[in-house]
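In what follows, residues are counted from 1 in the order of the sequence shown.
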Amino acid sequence: MTYATDNLPPVHPGEILADELAALNFSATKFAKHIGVPPNAITAIVNGERGISAEMALRFARAFQTTDKYWMNLQSNYETKLACKRIGEKVAAIKPLLKVA
């Protein structure tokens, strides 16, 4: 297979966020207030119950001085790994289309 598979388990971006907040000694509530969102939105992400939207990625990028792409890539990689676990065998059975010269 040539898609996002490796032997590592999928990591929800909320785990990364939780680590970053812990390193800064920020609670989910304090961080939510800092970036102007409801605390339950951050708690849901940290608990793996909610993904990171583009709008949230922009806020995280600004707060952590990263890029929005960093956060979106974490989300995309997580979702791709879950999809691979669900339908990987079906995807592997798909025959590639031939290039037409």
For Lys69, does its backbone N or O pair with a side-chain atom of Asn73 as donor and acceptor, under 3.5 Å? yes
Considering non-hydrogen atoms only, spot the tightest contact between Gln75 and Pro13 and give its length. OE1-CG, 3.1 Å
Is a side-chain donor or acceptor of Lys81 paired with a backbone partner of Leu8 at a separation under 3.5 angstrom? yes
According to a hydrophobic-cluster definition based on side-chain heavy atoms being under 4.5 Å apart (Ile, Leu, Val, Met, Phe, Trp, Tyr only), do Tyr78 and Val11 belong together? no
What residue pairs, at least two apart or across chains, pass side-chain hydrogen bond (donor to acceptor under 3.5 Å, both in side chains) with a residue in residues 16-28? none
Spacing of Gln65 atom CD and Tyr70 atom OH [to the nearest 0.5 Å]: 14.0 Å
Can you list, pair by pair, the side-chain donor-acceptor contacts under 3.5 Å of residues 40-62, counting residues two or more places apart and other chains?
unit_1 : atom_1 : unit_2 : atom_2 : d
Thr43  : OG1    : Pro39  : O      : 3.1
Asn47  : ND2    : Thr43  : O      : 3.2
Ser53  : OG     : Met56  : N      : 3.1
Arg59  : NH1    : Ile35  : O      : 2.5

Okay, side chain of Ser76, backbone of Met72: is any donor-acceptor separation there less than 3.5 Å? no
Could you tell me if the side chain of Val37 sits less than 4.5 Å from the side chain of Phe31, heavy atoms only? no
Describe, in one word, how the ring planes of Trp71 and Phe64 are oriented to each other, choosing from parallel (under 30°), tilted (30 to 60°) and perpendicular (over 60°). tilted
